[in-house]
Amino acid sequence: MIFPLAIDNTSGEIDQVMNVEPRFPKGSAVLEIIETDKGPAIKIIANEEVEIDFSKSYKESGAEIRANKTLSMTNQTYDEMGKTIMKSWIFVNSTANQTQRFIISLHAGDSDRVRVLRLSGVNVTNGWHQFTVEEGYGIS
């Protein structure tokens, strides 16, 4: 599968968190940062259910972090009311021609408030797909 990765809005570069050693709470996978025609991405090759966590502590405050992180391969537009609509690209290449479920979450913040950008899909067939990114705020 090919997924968006964390981007630093200020520099426009791949965020530092993508360079840390990921944790695998469940399963294992081969990971590679690649360039696609839709932008930088992370390619994940796994033969089983896998969960991958990238995590990094930053010097900036929670508000700065929340405003400064986004996902690659994501287009931003606005609806008629001025609300932001974000859509991200995902590429699936499964030997079964179907992925039962995936969830990508980017959490940015501190102990008081967290900004979450989330992508998820169920029963996705092979090929490129575009999904609406859910944006929410949570207390942690």
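All values below come from the heavy atoms of this structure, side chains included, with hydrogens, waters and symmetry mates left out. Computed from a predicted model, the values in this text were never measured in an experiment.
Hydrophobic clustering (ILVMFWY, side-chain heavy atoms < 4.5 Å, transitive): V20 and L5 are in one cluster.
Cation-pi geometry between K56 and F54 is not satisfied (NZ or CZ under 6.0 Å from the ring centre, within 45° of the ring normal).
Counting heavy atoms from C-beta on, the side chains of I104 and I90 come closer than 4.5 Å. I7 has its side chain within reach of I14: a pair of non-hydrogen atoms, C-beta onward, lies under 4.5 Å apart.
Annotation: the span from D53 atom CG to E21 atom CD amounts to 12.5 Å, rounded to 0.5 Å. To the nearest 0.5 Å, atoms CZ (F24) and CD (E51) are separated by 11.0 Å. Distance check, rounded to the nearest 0.5 Å: CD of E32 to CD1 of I42 gives 9.5 Å. Rounding to the nearest 0.5 Å gives a distance of 5.5 Å between CZ of R118 and NE2 of H107. The CG atom of N9 sits 5.5 Å away from the OG1 atom of T70 when rounded to the nearest 0.5 Å. Between the CD atom in E48 and the OG atom in S28 there is a gap of 4.5 Å [rounded to 0.5 Å].
Across every non-hydrogen atom of I103 and S120, the tightest pair is CG1-CB, 4.0 Å. Residues S72 and S88 share a closest heavy-atom pair of O-OG, 4.1 Å.
Between the side chain of T74 and the main chain of M86, no donor-acceptor pair closer than 3.5 Å is present.
Surrounding CG of N47 are at most 12 heavy atoms belonging to other residues, nucleotides or ligands under 6.0 Å away. Annotation: K38, atom NZ; neighbour count of heavy atoms from other residues, nucleotides and ligands within 6.0 Å is above 12.
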### Query
Would Y78 and I85 count as a side chain to side chain contact (heavy atoms under 4.5 Å, CB included) if you check the C-alpha gap in whole Å, the side-chain angles of each, and the deciding distance to 0.1 Å?
CA-CA 5 Å; Y78 299 92; I85 299 171; over 6 Å; no
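Listed by chain and number, the hydrophobic cluster partners of F91 are I2, I34, M73, W89, W128, where partners are ILVMFWY side chains within reach of under 4.5 Å, directly or through others.
Donor-acceptor pairing under 3.5 Å is recorded for the side chains of T10 and N68.
In this structure, the side chain to side chain donor-acceptor pair (under 3.5 Å) partners of K69, at least two apart in sequence or on a different chain, are D8, D15. Residues passing the ring-ring contact (aromatic ring centres under 6.0 Å, His included) test with F131 are F102, sequence neighbours excluded.
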